[in-house]
Protein chains: 2
Amino acid sequence: MNCCEKQEYAIDNEQLARFAKAMGHPARIAILSFLANLDSCYFGDINNELPIAKATVSQHLKELKESGLITGTIEVPKVKYCIHRENWAKAQVYFNTFFASLKEKDLCCD
Amino acid sequence: MNCCEKQEYAIDNEQLARFAKAMGHPARIAILSFLANLDSCYFGDINNELPIAKATVSQHLKELKESGLITGTIEVPKVKYCIHRENWAKAQVYFNTFFASLKEKDLCCD
DNA sequence: TTCGTTGTTCGCAAAATTACGAACAATATT
DNA sequence: AATATTGTTCGTAATTTTGCGAACAACGAA
């Protein structure tokens, strides 16, 4: 899906869209909230928190990993998931910059 | 009210996911950027900006309207799209609150 | 009326997403 | 070796998303 790439904005917009897409499902928001707010980070605890099958949870975690928002590490016999703090901060800046770009006065709409 | 009460300003995770989902496509980010930054807001100008068919642009605009991030108004013979400033601000707060909820220290991951 | 302009909607196809159970892999324990 | 624990991957199905061209609707102008 390489439509809408424009040299001047391309990188930011594509990355912002990827972050947004990763956050675009209630289960993934719940997972991120869980990891951001609590003291547990093992698959089993995440899985217990959600009313969906573990295969599905695993899939959502995979997507979140691929978006860069979290990391996954094997800690035998468990798997530990953590917020990727650097990318989390990057996403925060991206979103905030995006929303802050709205002009106060718009010749067309105001 | 207890100052340390958790989630005093609760975020609706479903709503956050809806906003995120709406932003989860490069074309829709491009449309929102265009509307947020420029002085034009007519379908034709948005359509010219994107390398996709007008039917597809119309569809993306419909999704953005349904998410609440923009409004659409007929101004015969054109259609004017504008950022929905109130919901835009709401989305900004939602995202920012969400990202800010990350704890400094995590007993599990640090 | 007929034409041109502006966008939406329809119908379809291809691709991606979401979800699940079952099978599997890796390891530790009995 | 057999069993239990922890998650991932596979195979599949249902649904949603994305995208396009063509048809359509609403309007003003010739």
Side-chain angles (χ1 to χ4, degrees), chain A residues 1-6 13-14 16-32 34-35 38 40-82 108-109, chain B residues 13-14 16-32 34-35 38 40-82 108-109:
Chain A
M1 258 177 292
N2 269 342
C3 74
C4 313
E5 277 186 70
K6 246 190 122 191
N13 278 352
E14 297 281 332
L16 178 57
R18 268 193 295 275
F19 283 142
K21 190 175 180 182
M23 293 173 63
H25 190 288
R28 293 195 292 271
I29 291 288
I31 291 170
L32 291 173
F34 186 77
L35 293 179
L38 298 183
S40 171
C41 55
Y42 294 107
F43 178 89
D45 298 321
I46 298 168
N47 187 34
N48 285 340
E49 202 69 7
L50 299 173
I52 53 182
K54 63 180 181 173
T56 308
V57 173
S58 194
Q59 218 167 232
H60 283 306
L61 285 164
K62 189 179 178 186
E63 284 178 71
L64 287 172
K65 261 198 300 185
E66 284 166 2
S67 79
L69 290 173
I70 68 173
T71 61
T73 321
I74 296 173
E75 282 197 356
V76 172
K78 300 187 176 182
V79 178
K80 189 175 82 168
Y81 286 99
C82 297
C108 186
C109 293
Chain B
N13 279 350
E14 299 278 336
L16 178 56
R18 269 193 294 274
F19 282 141
K21 189 174 181 185
M23 292 172 63
H25 189 288
R28 292 194 293 270
I29 290 289
I31 290 170
L32 292 172
F34 185 77
L35 293 179
L38 297 183
S40 172
C41 55
Y42 294 107
F43 177 89
D45 298 320
I46 298 168
N47 188 35
N48 285 340
E49 201 68 9
L50 299 173
I52 53 182
K54 63 180 180 175
T56 308
V57 173
S58 194
Q59 219 167 234
H60 283 307
L61 285 164
K62 190 179 178 186
E63 283 179 71
L64 287 172
K65 262 198 301 184
E66 283 165 2
S67 80
L69 289 173
I70 68 173
T71 62
T73 321
I74 295 174
E75 283 197 356
V76 173
K78 301 186 176 182
V79 178
K80 189 175 83 168
Y81 286 99
C82 298
C108 186
C109 293

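Every chain is numbered from 1 and lettered A, B, ... according to where its sequence line falls, protein lines coming before strand lines. The shown structure was predicted, so the numbers you read here are calculated from the model rather than taken from an experiment.
Counting all heavy atoms, side chain and backbone alike, B/Ala22 lies closest to B/Leu69 at CB-CD1, 4.3 Å. Closest heavy-atom contact between A/Asn13 and B/Ala30: ND2-CA, 4.3 Å. Closest heavy-atom contact between A/His25 and B/Ala17: C-CB, 3.9 Å.
Nucleic acid contact class of B/Lys80 (heavy atoms, under 4.0 Å, all strands): none.
For A/Asn48 (side chain) and A/Gly44 (main-chain N/O), a donor-acceptor pair under 3.5 Å exists by modelled atom type.
At whole-Å resolution of the value, CZ in A/Phe43 and C1' in D/dT9 are 12 Å apart. A/Glu75 places its CD atom 13 Å from the P atom of D/dT8, with the value rounded to the nearest Å. D/dT9 atom C1' lies 13 Å from atom CD1 of A/Ile74, rounded to whole Å. In this structure, the NZ atom of B/Lys78 is 17 Å from the C1' atom of C/dT8, given to the nearest Å. The interatomic distance linking B/Glu66 (CD) with D/dT17 (C1') rounds to 13 Å, in whole Å.
For C/dT8, the OP1/OP2 oxygens have a side-chain nitrogen or oxygen of B/Tyr81 closer than 4.0 Å. A close approach under 4.0 Å does occur between a side-chain nitrogen or oxygen of A/His25 and OP1 or OP2 of C/dA19.
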- Task: Decide yes or no on disulfide bond (SG atoms under 2.5 Å apart) for B/Cys108 and A/Cys82, but give the supporting numbers first.
- Result: CA-CA 8 Å; B/Cys108 186; A/Cys82 297; 5.6 Å; no
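Expressed to the nearest 0.5 Å, how far SG of B/Cys41 lies from CZ of B/Phe34 amounts to 8.5 Å.
Of all nucleotides listed (D/dT18, D/dC27, C/dG7), D/dC27 comes nearest to the side chain of B/Val76.
Only A/Lys54, A/Ala55, A/Ser58, listed by number, bring a heavy atom of residues 45-64 of chain A to less than 4.0 angstrom from any atom of DNA chain D.
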